[in-house]
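A short worksheet on the structure shown next.
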Amino acid sequence: MDETTAAEVRDPRGSYEAALADFAAALYELRIDAGAPAYKAIEKAARQQGRVPLSASAISEALQGKRLPSIDFTLELVRQLAGADPRVTESWRERWKRVRLLQRSAKASQAGTAGLAAEEPSARPGAFSIHQAEAQEILRKAKEEAAAIVQAARDQADELLRSAASGNKSAGNGRRITPSVARLMTRESTRILLLGPPGAGKGTQAAFLKKVLDVPKVHLGDILRQNILDGEESGLIAKQCMDRGELIPDDVLLDMVNRRLLEADAEHGFLLDGFPKSLEQLEALEEILAEDGLEIDVALKFEIPKSEAIRRVAGRRICRNDSSHVYHLLYAAPQQDDTCHCGGSLMARPDDSRRTTADRWDLWQDMTEPVSALYGSRGRLITVAGVGDVNDVTDRAISALAAFFG
């Protein structure tokens, strides 16, 4: 046991307070190096960028060492003061984890002391030493696990970046791993809202992006079909509404979306397509995500002219056996006329007529465009031109996402 570890065992509370003071002093020095911006100025900048709120009072408390701020608060404050350098961010993440471990050890020691004080001195001889030993063992294991996780992430990032430099590895879909792709592939979690008018190519791009980000594509249409197929109560209600030509209530849609986002494959993120379609739906979605401490990282919007949307949608064909198999008479024609690669026959969706597409475009402008505007006001909107070669559009989206996340 080294001297530092021994001191942590002898006086957990004192060790935590000393570490917290050092942590606050380092934050203060970071602010000085950044030109000593006013707390209010930092708060305003964070609010404009719309990531993690930083109140002036909370910044003051953090720099005075009055409390240990949350990890999200800490990393956003560091980002505001030192920029988005991943190495600096990782260094502060590790620094915060160490102080947090000492805080937990101090609380465990305090709880053990309080428990012993209620007993007779002779009732449990050596009990406090046992509590100390247990707390130290927990601390040791936590440090080892944290170090192993960080090293594994660093090794993965190094390998991806080496591959990007040599150009000899793909992201699983034939796409070469560039530095932008590598940075996205090593993110711990990514939650993206896909926006754009009918025919903008959201589904096509999601099929590529999900492989790069290693998160599922979550489409409202797929969720609806699965809930109806499984005989779920919300699915049956939705089917009744559709059969009557009525809108599906927001609470029914939200229930289905919520259950889908709770599935294991969405634990580290998702690409959400087709929902929310209004500010009211967005507010409800953000509330259920907030209950688990989650939020949408960014909205990715694909822009195309109305005339292009009508041309794309009018030529779209889907498989009768599997609606996820999509072709286009001009851009992705089937090898055999009117036949899917799986053998099923192709058809045009009933709502893919030119007139219906124009109506859907107008409805999107009225209902969903305000969602884009809201994310824009928060500094969390990425807009990508959706016209051109599919791979070119994907490259634009990847570059824009990598620049946003830093």
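Each residue takes its place number in the sequence, starting with 1. Side chains are part of it too, since the values below use all heavy atoms of this structure and drop only hydrogens, waters and symmetry mates.
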If you define the side chain from C-beta out and look only at heavy atoms, does anything of [X] sit under 4.5 Å from [Y]?
X: Thr89; Y: Arg79; result: no
X: Phe405; Y: Val298; result: yes
X: Pro216; Y: Glu263; result: no
X: Leu279; Y: Val371; result: yes
X: Met256; Y: Leu253; result: yes
X: Val218; Y: Val257; result: no
X: Leu209; Y: Ile192; result: no
X: Lys239; Y: Asp243; result: yes

Polar side-chain atom of [X] near backbone of [Y] as donor-acceptor pair, under 3.5 Å:
X: Arg396; Y: Ala385; result: yes
X: Glu61; Y: Arg67; result: no
X: Gln281; Y: Lys277; result: yes
X: Lys217; Y: Lys210; result: no
X: Asp255; Y: Asp251; result: no
X: Ser399; Y: Asp395; result: yes
X: Asp297; Y: Arg191; result: yes
X: Asp292; Y: Leu294; result: no

In Å, rounded to the nearest 0.5 Å, how long is the span from [atom1] of [X] to [atom2] of [Y]?
X: Ser377; Y: Gln48; atom1: OG; atom2: CD; value: 11.0 Å
X: Leu193; Y: Lys202; atom1: CG; atom2: NZ; value: 10.5 Å
X: Ile318; Y: Asn321; atom1: CD1; atom2: CG; value: 11.0 Å
X: His268; Y: Leu213; atom1: NE2; atom2: CG; value: 13.5 Å
X: Leu254; Y: Ile288; atom1: CG; atom2: CD1; value: 4.5 Å
X: Arg225; Y: Leu220; atom1: CZ; atom2: CG; value: 9.5 Å

Shortest non-hydrogen contact from [X] to [Y]?
X: Ile296; Y: Arg380; value: O-NH1, 2.8 Å
X: Leu261; Y: Ala266; value: O-CB, 3.6 Å
X: Ala200; Y: Ile304; value: CA-CD1, 3.5 Å
X: Phe275; Y: Leu285; value: CE2-CB, 4.3 Å
X: Gly203; Y: Asp273; value: N-OD2, 3.9 Å
X: Thr74; Y: Trp96; value: OG1-CD1, 3.5 Å

Would you call Asp338 and Arg317 a salt bridge, using N to O less than 4.0 angstrom?
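No.
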Before giving the answer on salt bridge (charged side-chain N to carboxylate O under 4.0 Å, His left out), spell out for Arg98 and Glu94 the whole-Å C-alpha distance, their side-chain angles and the decisive distance to 0.1 Å.
CA-CA 6 Å; Arg98 172 168 173 72; Glu94 291 306 302; over 6 Å; no
Would you say [atom1] of [X] has more than 12 non-hydrogen atoms from neighbouring residues, nucleotides or ligands within 6.0 angstrom?
X: Glu233; atom1: CD; result: no
X: Arg87; atom1: CZ; result: no
X: Asp214; atom1: CG; result: no

Exercise: do Asp222 and Gln226 side chains pair donor with acceptor under 3.5 Å:
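The answer is no; no qualifying pair exists.
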Is there any side chain to side chain donor-acceptor pair (under 3.5 Å) pair reaching into residues 365-374, and which pairs are they, with sequence neighbours excluded?
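Qualifying pairs: Lys301-Glu369.
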From CA spacing to verdict: salt bridge (charged side-chain N to carboxylate O under 4.0 Å, His left out), Glu17, Arg13:
CA-CA 6 Å; Glu17 290 176 350; Arg13 184 68 191 177; 3.2 Å; yes
CA sep, side-chain torsions, deciding dist, call: Asp265, Arg260, side chain to side chain contact (heavy atoms under 4.5 Å, CB included):
CA-CA 9 Å; Asp265 67 334; Arg260 175 64 184 90; 2.9 Å; yes
With side chain to side chain contact (heavy atoms under 4.5 Å, CB included) as the test, would you mind laying out the steps for Tyr39 and Leu54 before giving the verdict?
CA-CA 9 Å; Tyr39 296 156; Leu54 303 177; over 6 Å; no
Show, in sequence, the C-alpha distance, side-chain angles and deciding distance for Thr339 and Ser345, and conclude whether the side chain to side chain contact (heavy atoms under 4.5 Å, CB included) test is met.
CA-CA 5 Å; Thr339 303; Ser345 61; over 6 Å; no
Sequence neighbours excluded and cut-off under 3.5 Å, please list the side-chain donor-acceptor pairs for residues 20-31, or say none.
residue, atom, partner, partner atom, Å
Arg31, NE, Pro37, O, 2.9
Arg31, NH2, Pro37, O, 3.2

Given the rule in the side chain to side chain contact (heavy atoms under 4.5 Å, CB included) test, do Tyr16 and Leu68 qualify, once you have shown the distances and angles that lead to the verdict?
CA-CA 10 Å; Tyr16 163 62; Leu68 178 65; 4.0 Å; yes
